[in-house]
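Here the structure comes first, spelled out in structure tokens, and everything after it is commentary.
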Amino acid sequence: MNKWIFIMSIALVTSLYSCNNDTKLNGVIMVESEFQSDSDPDANGWTASFAEYRTTAVDSVLNLQAGVSRLPAPLDTTRYSLRMQSNNRSGNMFMFMKKRITGLRNNTDYQITFDVNLATQYPDAADVIGSPGSSVYLKAGASAEEPVRIAENGIYKVNIDKGTESAGGTQMVTLGNVANGGNTFVYRLISRSSPGNSLVVRTNDKGELWLCVGTDSKYEGLVNLYYDKIKATLNLAE
């Protein structure tokens, strides 16, 4: 089977913690994801997709790839991650993944924060076609409706309000850029969080929410990222 696929469901290890026994209805809910080599693609997991490019573009030309991969050297190559890659040729590219959360209170507001670890090789320095580190923005959010790619006026867009480039939207917040914190092109693990930039999202009438994590890029070139860990913390909004 081809190792990389364009739209792929990724299983995950999920841990739920709460201050009482009713973990999904009360207290604090923590959803932690670590990607595994033996993941079952049909289990509850993440689905990867791409948007913000012309519908006439050829996926292979844009190098759209997503799948479970070992972390790159010089990092710990025995650990697995979710790798996402694209070649932005139109000035914009949104690489994202989504996961459905069930069993919550229906039609109820939850406050959500995110902690994301990913491997990036891009320094915060401009090259001849821009800065991949400071021109690619990590975003995270949630919505009652499933985030899906839609065609609109010849462009693939996403149906939730993610904002534009560095700006967040009503359903996604910006956690920061993907610069590796150094001056050279070498893979490093970075952490981005949203403790002071949380979202309040209302569940649907089935008690569901969709988590969404992705990168909004204005860098015109190839971007290759490895998601090591994703944690979403949900609290009942006051």
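Bear in mind that the values here come from a model prediction, so they are computed numbers and not experimental data. Residue numbers count from 1 along this sequence.
- No single ILVMFWY cluster, assembled from side-chain heavy atoms under 4.5 Å apart, contains both Val178 and Leu222.
- The cationic group of Lys162 does not satisfy the cation-pi geometry with Phe96, failing either the under 6.0 Å distance to the six-membered ring centre or the 45° limit from the ring axis.
- Side-chain contact between Val68 and Leu82 is absent, with no heavy-atom pair separated by less than 4.5 Å.
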Test log, rule side-chain contact (heavy atoms from CB on, under 4.5 Å), inputs Met172 and Ile160: CA-CA 8 Å; Met172 297 193 79; Ile160 64 172; 4.0 Å; yes
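- No donor-acceptor pair closer than 3.5 Å links the side chain of Thr174 to the backbone N or O of Gly176.
- A heavy-atom distance below 4.5 Å is found between the side chains of Leu62 and Met93.
- Using a 4.5 Å heavy-atom threshold, the side chains of Asn235 and Thr233 count as touching.
- Here Asp228 contributes atom CG and Ser33 contributes atom OG; the two are 11.0 Å apart, rounded to the nearest 0.5 Å.
- Residue Leu118 holds its CG atom at 12.0 Å from CE of Met84, rounded to the nearest 0.5 Å.
- In the hydrophobic cluster analysis, where Ile, Leu, Val, Met, Phe, Trp and Tyr join through side-chain heavy atoms closer than 4.5 angstrom, Leu64 is grouped together with Tyr219.
- Under a hydrophobic clustering in which Ile, Leu, Val, Met, Phe, Trp and Tyr are joined whenever their side-chain heavy atoms come within less than 4.5 Å, directly or via other members, Ile101 and Ile29 fall into the same cluster.
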Working for salt bridge (charged side-chain N to carboxylate O under 4.0 Å, His left out), residues Glu32 and Lys229: CA-CA 7 Å; Glu32 297 188 82; Lys229 293 181 182 180; over 6 Å; no
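- Taking hydrophobic clusters as Ile, Leu, Val, Met, Phe, Trp and Tyr residues chained together by side-chain heavy-atom distances below 4.5 Å, Val158 does not share a cluster with Leu199.
- If you take CG on Leu175 and OG on Ser193, they are separated by 7.5 Å, rounding to the nearest 0.5 Å.
- With 3.5 Å as the limit, one finds a donor-acceptor pair spanning the side chains of Tyr53 and Arg149.
- Side-chain N or O atoms of Ser60 include none that pairs as donor or acceptor with a backbone N or O of Val58 at under 3.5 Å.
- Residues Val186 and Gln121 have side chains not in contact (no heavy-atom distance under 4.5 Å, counting atoms from C-beta outward).
- Minimum interatomic distance between Pro123 and Gly182 (heavy atoms only, all atoms of both residues): CB-O, 3.4 Å.
- Listed for the Arg70 side chain is a donor-acceptor partner under 3.5 Å among the backbone atoms of Thr77.
- In this model, no donor atom of one side chain and acceptor atom of the other lie less than 3.5 Å apart for Asn180 and Thr120.
- Of all non-hydrogen atoms in Leu104 and Tyr110, the two that sit nearest each other are CB-OH, 3.7 Å.
- Panel note: side chain Lys139, backbone Glu165; a donor-acceptor pair is recorded below 3.5 Å.
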Check against side-chain contact (heavy atoms from CB on, under 4.5 Å), Phe50 and Ser86: CA-CA 9 Å; Phe50 303 85; Ser86 66; 4.3 Å; yes
Side chain to side chain donor-acceptor pair (under 3.5 Å) between Asn106 and Thr203, worked out: CA-CA 6 Å; Asn106 63 312; Thr203 58; over 6 Å; no
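- For the pair Asp161 (side chain) and Thr170 (backbone), a donor-acceptor distance under 3.5 Å is present.
- Looking at Asp76, its side chain does come within 3.5 Å of a backbone N or O of Thr78 through a donor-acceptor pair.
- A donor-acceptor pair under 3.5 Å links the side-chain atoms of Ser81 to the main chain of Ser69, judged by distance alone.
- Side chain of Lys157 to main chain of Ile150: no donor-acceptor pair is present (N/O by atom type, distance under 3.5 Å, no hydrogens or angles).
- With respect to the salt-bridge test (charged N to carboxylate O, under 4.0 angstrom), the residues Glu208 and Arg100 qualify.
- Residues Arg105 and Leu236 form a side-chain contact, since some pair of their non-hydrogen atoms from C-beta on lies under 4.5 Å apart.
- Residues Val201 and Phe114 share a hydrophobic cluster, clusters being chains of Ile/Leu/Val/Met/Phe/Trp/Tyr side chains in contact below 4.5 Å.
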side-chain contact (heavy atoms from CB on, under 4.5 Å) between Cys212 and Met97, intermediate numbers included: CA-CA 6 Å; Cys212 186; Met97 63 184 100; over 6 Å; no
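- Proximity of Lys98 to Leu211: side-chain heavy atoms (C-beta onward) are nowhere separated by under 4.5 Å.
- To the nearest 0.5 Å, the span separating OH on Tyr227 from CG on Leu71 amounts to 13.5 Å.
- In this structure the side chain of Leu209 reaches within 4.5 angstrom of the side chain of Ile112, judged on heavy atoms.
- Taken to the nearest 0.5 Å, the CD atom of Glu52 stands 13.0 Å off from the OH atom of Tyr156.
- Under the 4.5 Å side-chain criterion, counting only non-hydrogen atoms from C-beta, Asn87 is not in contact with Val61.
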Pair Val223-Tyr122, side-chain contact (heavy atoms from CB on, under 4.5 Å): steps then yes or no: CA-CA 9 Å; Val223 172; Tyr122 306 109; 4.1 Å; yes
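- Without hydrogens or angle criteria, Asn159 side chain to Glu146 main chain gives a donor-acceptor distance under 3.5 Å.
- Closest approach of Asn117 to Ser191, counting heavy atoms only: OD1-OG, 2.8 Å.
- Side chain of Thr113 to main chain of Ser194: no donor-acceptor pair is present (N/O by atom type, distance under 3.5 Å, no hydrogens or angles).
- Looking at Asn177, Val173, Val213 one by one, the single match for side chain to side chain contact (heavy atoms under 4.5 Å, CB included) with Leu138 turns out to be Val213.
- Between atom CG of residue Asn107 and atom CZ of residue Arg202 there is a gap of 6.5 Å, rounded to the nearest 0.5 Å.
- Taking the six-membered ring where tryptophan is involved, the planes of Tyr226 and Tyr187 are perpendicular, since the angle between them exceeds 60° and thus also 30°.
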